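The structure under discussion appears below in the form of structure tokens.
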Amino acid sequence: MTKKPEVDYSLYLVTGRDLLPPGKDYFESLEESIRGGVTLVQIREKKTDTAEFLEIARKSLEICNKYNIPLLINDRLDIALAIGAHGVHLGQTDMPVSIARRLLPPNAIIGKTCNNVEHVKQAVEEGVDYVGLGPVWGTKTKDVTAPLTGPRGIGVMLDALEKSEVKAVAIAGIKSTNALYCLHGSGLTPDISASRWTRSVASNDPLGAAKQLSTIIQAFKNAQ
Ligand code: 3NM
């Protein structure tokens, strides 16, 4: 089997073109975020038609490849396959992991959104590479219907991973002002602290926003 690429989940950017401030170019923002320290990118396009999505994904992959950063596609396996992305992120009601695994190349990264312990256990059984845990806090990015977990809820879900190799990231409402609270409050242990993080960078200053988060995460890791 082809070896999986090493993925650094420390600062995971979930894009959203509809969140960009007026006049801000999406591709410039993506590149600035990566230069600021983003280590993994997911393209999330909920309202875009297939032809445009393909174009955006293709150009985004070029940028990610330039910096050697993996690119995952939210939900759309067809787009991931068409452009040769590094994998997909699946929601609870998206394509089942087993089918995605069968259709994608053997070294593809597959992640799944999990809102509770049952979701986590099932995702581990299904053989995901990582779980996206949340929603930690409220957010305007997405209409989240699942109950907010807070940092403690993330901790409980992390415990459900037990000894599996599955990585985890936390999502929703995480900013530089509460990032440390999320890391400490979820009870992350030193061996996993590096790999459980996410943040949508939708800012007027994506480079600065990513740098700020990256500095916080690095400081947390160094203190472990
Ligand atoms: N996906 P914020 S939660 C885009 O659970 C998204 O998969 C989620 O909020 C999932 O921009 C979410 O505040 C919202 O990080 C992310």
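Here, residue 1 is the first one in the sequence, and each next residue gets the next number. Counting starts at 1 for both ligands and their atoms, following the listed order. Small disclaimer: the values here were computed from a predicted structure and weren't measured.
Interface atoms of ligand 1 facing A172, defined by a heavy-atom separation under 4.0 Å, are 2 (P), 9 (O), 13 (O), 15 (O), 16 (C). Within the listing of ligand 1, atoms 1 (N), 3 (S), 5 (O), 6 (C), 7 (O), 8 (C), 10 (C), 12 (C), 14 (C) sit less than 4.0 angstrom from a heavy atom of K142. Using a 4.0 Å cut-off to heavy atoms of T139, the atoms of ligand 1 that qualify are 2 (P), 9 (O), 11 (O), 13 (O), 14 (C).
A search for ring-ring contact (aromatic ring centres under 6.0 Å, His included) contacts involving Y26 returns nothing, not counting sequence neighbours.
Put simply, no part of G132 is less than 4.0 Å from ligand 1, judged by heavy atoms. Heavy atoms of G91 come nearer than 4.0 angstrom to ligand 1 in no pair at all.
Residue-level proximity to ligand 1 for R44 is carried by the side chain, the only part with a heavy atom below 4.0 angstrom.
Of the charged side-chain nitrogens involved, at least one lies within less than 4.0 Å of a carboxylate oxygen, so that K46 and D75 count as a salt-bridged pair. With respect to the salt-bridge test (charged N to carboxylate O, under 4.0 angstrom), the residues R35 and E32 do not qualify.
Residue pairs satisfying the salt bridge (Lys or Arg N to Asp or Glu O under 4.0 Å) criterion with at least one member in residues 81-91, sequence neighbours excluded, are absent.
Considering backbone and side-chain atoms together, N115 places no N or O closer than 3.5 Å to any N or O of ligand 1. An N or O contact shorter than 3.5 Å is missing between V14 and ligand 1 by distance.
In this pair, F220 and H184 present their aromatic rings perpendicular. The plane angle is above 60°, beyond the 30 to 60° band.
Residue E52 forms a salt bridge (Lys or Arg N to Asp or Glu O under 4.0 Å) with just one option from K47, R17, K59, and that option is R17.
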